[in-house]
Number of protein chains: 4
Amino acid sequence: MNLRRRTWEIVEAAKPGDTASRVFDVLILTLIFLNVIAVILGSIQSIEERWSAFLETFETVSVLVFSIEYVSRLWSCTADSRFSGIIRGRLRLAIKAMPIIDLLAILPFYLPFLGIDLMSLRAFRLFRIFRIAKVGRYYSSLNIIRDVFHAKREQLALTLAMMGILLVVSSTLLYYCENEVQPEVFSSIPATMWWAVATLTTVGYGDIYPITLLGRFLASIIAILGIGMFALPTGILGAGFIEAIQKKKEGTQICPHCGKEIHNGKRN
Amino acid sequence: MNLRRRTWEIVEAAKPGDTASRVFDVLILTLIFLNVIAVILGSIQSIEERWSAFLETFETVSVLVFSIEYVSRLWSCTADSRFSGIIRGRLRLAIKAMPIIDLLAILPFYLPFLGIDLMSLRAFRLFRIFRIAKVGRYYSSLNIIRDVFHAKREQLALTLAMMGILLVVSSTLLYYCENEVQPEVFSSIPATMWWAVATLTTVGYGDIYPITLLGRFLASIIAILGIGMFALPTGILGAGFIEAIQKKKEGTQICPHCGKEIHNGKRN
Amino acid sequence: MNLRRRTWEIVEAAKPGDTASRVFDVLILTLIFLNVIAVILGSIQSIEERWSAFLETFETVSVLVFSIEYVSRLWSCTADSRFSGIIRGRLRLAIKAMPIIDLLAILPFYLPFLGIDLMSLRAFRLFRIFRIAKVGRYYSSLNIIRDVFHAKREQLALTLAMMGILLVVSSTLLYYCENEVQPEVFSSIPATMWWAVATLTTVGYGDIYPITLLGRFLASIIAILGIGMFALPTGILGAGFIEAIQKKKEGTQICPHCGKEIHNGKRN
Amino acid sequence: MNLRRRTWEIVEAAKPGDTASRVFDVLILTLIFLNVIAVILGSIQSIEERWSAFLETFETVSVLVFSIEYVSRLWSCTADSRFSGIIRGRLRLAIKAMPIIDLLAILPFYLPFLGIDLMSLRAFRLFRIFRIAKVGRYYSSLNIIRDVFHAKREQLALTLAMMGILLVVSSTLLYYCENEVQPEVFSSIPATMWWAVATLTTVGYGDIYPITLLGRFLASIIAILGIGMFALPTGILGAGFIEAIQKKKEGTQICPHCGKEIHNGKRN
């Protein structure tokens, strides 16, 4: 039981003063980082050909370490009151976002042994990068950014919904304008959506654009509305950051002369 | 009369507790959503060829449902004091934005029966998507966004007007710079406007761009001014969101002289 | 003298209640607007060929009206205490921004008669569009926008200066990276500046882009810094708009209960 | 010793009233500016060929002046209490950012004499432009911008880190989607990063873009997330500017209980 509790403390984010746990965290994060580098470099043919043996060994070792960490976490979690219960507690942990990501990151390695071989599954290794989110708990700034997104989630979701509607309407209009003249490029509404995304986000690759007069006129209006797609979330987030700062400042203040409270909260 | 009032309650946005009306709203919105999906999928040739019978049937059923809803609304609206008067009340409803959209969305289906057949009218079916705006009344966030746009409408309109002037001036200058060298592309000022929109919104498709030295110099200045086209509405909307929050927060303040409450709302 | 004062009142922006002056303003603005339309339409070859006689007549009439207005303004300005002095007063008016624009807009018409014929001077006709700025005084919103730009002029100028430095440094670096591989496209630092503007403003036409590894790496960093070029002016202007609103709100407030002043200024 | 102190005063930024030092500052800045112009113009082949003698002479004179300035600074710095100590003091100055830039700007000129000849080192001459930062101390606006960046450095760094993660994840996903269909363009993950930067910053050159259905779908989501890359730093900086203004405005407040002043600075 003592070993289990200690294991749990180590695999979890380190508490201040717990050096062993801190070292473990740093080692795991370094390994995650190196794995990401390995995936990136392994995609370069010349490197892949030359270092394939090394990269494969590194991959095997990494997955082993991650597997041990995953199993340890699952085994020791019952030491935490939040995950008590031999099966129920472990299930409760397993269905959390982070452990699912951890599992998705190691699973592709074992699947071939089970007779399943999906090349594309290798991309799942990249999931490990999301574990970097763990570092987040050491930075209060990340909390502010998360709080702002949380406080404004409804407004931001609405902005996304508006974008969606604008996307559908733009694509349909442009499809009807351009389909006859450019049947290859504006072949269907979903195909035109690729144009609409490139225009509304102002990326504008230039692989697809209207050539008819009406199409260009509508595209101009859509592009200008695309500015709103930047302005709206920026305005919402900007207001959110200011609110977050004011909230922190608020509260009661003590007058240094008479020692009484002044309620500033009402003034803001 | 009782049936008329009940019909009106059902076709209108549901009041809290009115389950029948709520169910009706959800059904209609689902149908709108499915219609949009059908229009999008119907534009893909392979799907259109394979499922044309199904899509046509779905279209007929949808229009029927929307027609019944439209007529019910028009028939029952007199139950509402705002639309009293057998003809005047109904006319007052019919010329509102939403019912006009509803009509435009169903009309193209009936026109061929009247001998009018306009392929392009099918795009009007998309108008149904705007009816999604009805969901808006359930979300207070949408009200905030609308309020901000309303409070800042004059400043935003001015920004649009400045964009317009910048657009005209840019196009004319670039037309005089590039017309001689690229007579095919910069063929006229309206044609050059297509370039100006792509540049000022920073979309930059790359189908048309200046090649003369003076043209590139002017285009550079115009592109940098284009940044202002993002910064200005963003700044205006950002300030609007902060104002909206402060207005909501402002409540009562205690006067330090007499100790009574002051309702700050009066100051704004 | 009375006629002179009345003329001055009419050619100047209308004071409330002065219907004649108001009508004059509206007529001149309409004429300016029509002139802009004429310049734009006149650039379309098919229209130019068909309507050249009409467009030329319209141009002649317009210049005549604008000339009469300009001369009237110059003649009557001495009625205003700001422009007293038969020559000095008129000169003081003539060197103001608006009258210079007015002159530049009509001068190209007369130059051919003096033996000077510069096709490109026709673009000057477009200067008339800037006279639309006159409408500005009727809108308080424009004043807010102008005030914000004025209050933040130093910070905005610095942002522009930073952009300039970033532009020069980016262009030089990319020139040294790409010149050897793409000597035609990245032919000199000024030529590379065209790339740098397109990248920093995120327009990205795609007519010129790096292909070397180092070039792409540097271009990536520059493109990300380009985001700062949007964020900085937006942040500055956003703060400016909020300040402008708070300034308006500030001042002294009267407690409605005891009638004494509460100095809110100190709190903000 | 007196000469040393005076030299130090002159090479450092001028104090108010010190005309000689001011003149020196202006001359050096003008020379920096002319050097930048010379580097830019020298890259244009036709100018380089015609004016090479003049440009080379100008370069030699410039480096001489900058060398004298650098040596003078190093010699006289011991007059300043911050850099006391014949060797330690000078080293402490030499490893500061500005003197390193100064050295990097003149060193490439001397290296050929030492047998080292690197063409690319000529780009280092551009480093001189960074010395323009010295003008900064005369402008309080620059301090505000610097303060805002400093106060928000952690949040901005986090935004950059998020961009980095998004970049890696986007590139890997798109590489797995497009590599098979476009093996030449999406040849490796680092190659795909070039696409990801162009998309996330909304530059969109159009030299590389997805063509598969899944690739376009993912690219659309990535492009929309790219909007967040603009919105987040803009919101953070906007809030920073507003805070900076509020801090400046905050002064003394009167405690309503005892009537004494409270220095609000303490609360922030």
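Just so we're on the same page: letters track the sequence lines, and every chain starts at 1.
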Closest approach of Ala239(D) to Gly238(A) (non-hydrogen atoms, all atoms of both residues): CB-O, 4.4 Å
Rounded distance (nearest 0.5 Å) linking atom CG of Leu232(D) with atom CZ of Phe241(A): 5.0 Å
Which of Ile242(A), Leu160(A), Ile236(A) touches chain D most, by non-hydrogen pairs under 4.5 Å: Ile242(A)
Residue part contacting chain D, namely of Met163(A), when any heavy atom lies under 4.5 Å: side chain
Nearest-0.5 Å distance that lies between atom CD in Glu154(D) and atom CD1 in Ile145(A): 9.5 Å
Rounded distance (nearest 0.5 Å) linking atom OG1 of Thr192(D) with atom CD1 of Ile40(A): 10.0 Å
Taking every non-hydrogen atom, the tightest pair across Ser43(A) and Pro190(D): OG-CD, 3.6 Å
Minimum heavy-atom distance Ala223(D)-Val203(A), with the two atoms named: CB-CG2, 4.2 Å
Neighbour count >12 (heavy atoms, 6.0 Å) for atom CZ, Phe58(A): yes
Gap between atom OG1 of Thr159(A) and atom CD1 of Ile224(D) - 0.5 Å precision: 12.0 Å
Heavy-atom contact with chain A under 4.5 Å, split by part of Ser220(D): both
Interface moiety of Val197(A) toward chain D, non-hydrogen atoms closer than 4.5 Å: side chain
Between Thr199(D) and Tyr205(A), a side-chain donor and acceptor under 3.5 Å: yes
Donor on one side chain, acceptor on other, Trp194(A) and Tyr209(D), under 3.5 Å: no
Contacting region of Pro210(D) [heavy-atom separation from chain A under 4.5 Å]: both
Neighbour count >12 (heavy atoms, 6.0 Å) for atom CZ, Arg92(D): yes
Residues, nucleotides or ligands: over 12 heavy atoms within 6.0 Å of Leu214(D) CG: yes
Between Leu237(A), Thr202(A), Asp207(A), Ile44(A), the one whose heavy-atom pairs under 4.5 Å with chain D are most numerous: Asp207(A)
